[in-house]
> 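I'd like to ask some things about the structure below.
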Amino acid sequence: MRRVILVMAAVTLIASSCSAGSDDAVSETASDAAPEAVSEAAPDDTEINEELVETTEVANSNQQVTDLDDAELAMFLAALSDDELDDLLLELDDDSYNRILDVLEATEVTDDEPPVTDGDSAVAGPDELDEDEQAILDELQENGFCDPADIEDGGVVTAMHFVVKGQLQPPCSGEVDPRLEAAWTAMADVTPAALLSDISLFAGFEGCDTCDTLAFVTTLDDDAEFFLMAIDVEAGVDDLNELALTMQHELTHVFTQVPATQLDISIPAEECTTYYNGTGCFREGAYTWAWIQRFWDAEALATIPADGDVNEEAGEARCVADAPYTGPYGASNPEEDIAEVFAAYVFDVEVSAALDEKLAFFDQFPEFREVRERAEALGRHEAAYSFDNC
């Protein structure tokens, strides 16, 4: 059985090492190789170039292994085939080689063992659930929520997992997909279980040629109590940081619309005294209502469609120089605005100084500060992220 690594799949090191070498690295290698080349019969240019490329690739491979932390190292290992992994190990020096073996040993499972990781990111086995958690799982199963038809428009569904109190359960549909479980682990590593607990179903899909959705959330029931989050599992290979940003964005749509504390779906639009988002009326004290009162005036709200949908044209018009938005999409409505800025807050994304007040908004909530602090402690603030910006 090929090892299952429960960390987020990333771009394969072999592929990146072929393109990541700088001109300086090539120059240094060429300089080091020159004395040896002079002492031998002069090889042709092709042999010299091949030797330089090979030497540079090895140097880059060792350097990249050194630069990655254990989680990131396991991320790209999950995307390697066995042959690619064997080729990589042959290229590395002793320190890099031993480090990779240590990471593999820490994350390897056998045919007799379910794939699990430590802490919040563990995939819980059935015998690990207490009575209350088992009751939640039973309810999810009885409602028949594990249906690939709910997300097939996004592409081919690879696996679906029920989530109980922030803990990922074994697949309820499809086979184990390390990319999907890895994406959950990466999110759970920085997110307290309390903010994950309103996700009831987590699913992965492989995007199609015409698909451009990295992730989305939707409710599974009429009362909007059960949420599905679905992600493009190939996106972690294409752009690890973009997927991480998108997942935090989508998570914001979950914890800001929980019926019990955030969104009252029993109140129709004409009776709503706060803000109606097309599904319900935000409660007094809700995160999004506090955000709207502080950052969205009546004139801006008047441009939002009655169903609360994204108004891209208005967003582009609102997104002017130095505007306090992450980009036209964030400027399209208050819910996309708070979700985009929260993702930037968590990962310390470099954005315009015009967003400073919005970023500071989250500091008043201990649960949000904890997410940001976890991300910083794990080195996630050092990664490269970007928004379209206004």
> Check step by step if side-chain contact (heavy atoms from CB on, under 4.5 Å) holds for L245 and F387.
CA-CA 10 Å; L245 272 179; F387 284 112; 4.3 Å; yes

> Compare all side-chain heavy atoms of P334 with those of L301 and state whether any distance is below 4.5 angstrom.
yes

> D232 versus D238: any side-chain heavy-atom pair under 4.5 Å?
no

> Under 4.0 Å between a Lys/Arg side-chain N and an Asp/Glu carboxylate O for R179 and E206?
yes

> Measure across E250 and A215 and return the closest heavy-atom pair with its distance rounded to 0.1 Å.
OE2-O, 3.5 Å

> Which atom pair, heavy atoms only, marks the closest approach of H381 to V346?
NE2-O, 2.8 Å

> Tell me the closest heavy-atom pair linking I199 and M229, and the distance in Å.
CD1-CE, 3.9 Å

> Report yes or no: does N389 contribute a side-chain atom to a donor-acceptor pair with the main-chain N or O of S352 at less than 3.5 Å?
no

> Quick one: pull up CD1 in I338 and NE2 in H253 and give me the separation to the nearest 0.5 Å.
10.0 Å

> Is the shortest heavy-atom distance from the side chain of L140 to the side chain of L201 under 4.5 Å?
no

> For the backbone of F361 and the side chain of Q364, can you confirm whether one donor and one acceptor N or O come within less than 3.5 Å of each other?
yes

> Can you name the closest pair of heavy atoms from R318 and A323 and give their distance?
O-CB, 3.6 Å

> If you count the non-hydrogen atoms of other residues, nucleotides and ligands that lie under 6.0 Å from CD in E312, is the total more than 12?
no

> Got a donor-acceptor contact below 3.5 angstrom from the Q169 side chain to the Q167 backbone?
yes

> Any non-hydrogen side-chain atom of R283 less than 4.5 Å from a side-chain atom of W289?
no

> With no hydrogens and no angle check, is any side-chain donor or acceptor of K358 less than 3.5 Å from a backbone partner on V341?
no

> side-chain contact (heavy atoms from CB on, under 4.5 Å), that's the test. Do Y276 and I267 meet it? Break it down for me.
CA-CA 9 Å; Y276 189 82; I267 299 178; 5.9 Å; no

> Test side-chain contact (heavy atoms from CB on, under 4.5 Å) on Y275 and W291; report intermediate values, then the result.
CA-CA 11 Å; Y275 176 76; W291 183 271; over 6 Å; no

> Do you know which of L129, V163, V164 makes side-chain contact (heavy atoms from CB on, under 4.5 Å) with I136?
V164

> So, for V233 and G204, which heavy atoms are closest and what is the spacing to 0.1 Å?
CG1-CA, 3.8 Å

> Would you call D189 and R374 a salt bridge, using N to O less than 4.0 angstrom?
no

> Which residue in the set I265, T252, V217, L263 passes side-chain contact (heavy atoms from CB on, under 4.5 Å) when paired with Q257?
L263

> Counting only N and O atoms by type, is there a donor-acceptor contact under 3.5 Å from the side chain of T274 to the main-chain atoms of F282?
yes

> Which residue pairs pass the ring-ring contact (aromatic ring centres under 6.0 Å, His included) test when at least one of the two sits in residues 321-351, sequence neighbours left out?
F255-F342, W296-Y325, F342-F362, F342-F368, Y345-F362, F347-Y385

> Hey, does the side chain of Q262 reach the backbone of Y287 with a donor-acceptor pair shorter than 3.5 angstrom?
yes

> Give, for atom CG of D150 and atom CG of L228, the distance between the pair rounded to the nearest 0.5 Å.
6.5 Å

> Which heavy-atom pair separates P148 from V157 by the least distance, and what is that distance?
O-CG2, 3.7 Å

> Any chance CZ of F295 has more than 12 other-residue heavy atoms, nucleotides or ligands included, within less than 6.0 Å?
yes

> Measure from the side-chain N and O atoms of D198 to the backbone N and O of V254, and report whether any donor-acceptor pair falls under 3.5 Å.
no

> Treating N333 as the side-chain partner and E336 as the backbone partner, does any N or O pair qualify as donor plus acceptor under 3.5 Å?
yes

> Donor-acceptor pair, N277 side chain versus T279 backbone, under 3.5 Å?
yes

> Without hydrogens or angle criteria, can the side chains of T191 and Q248 be said to hold a donor-acceptor pair below 3.5 Å?
yes

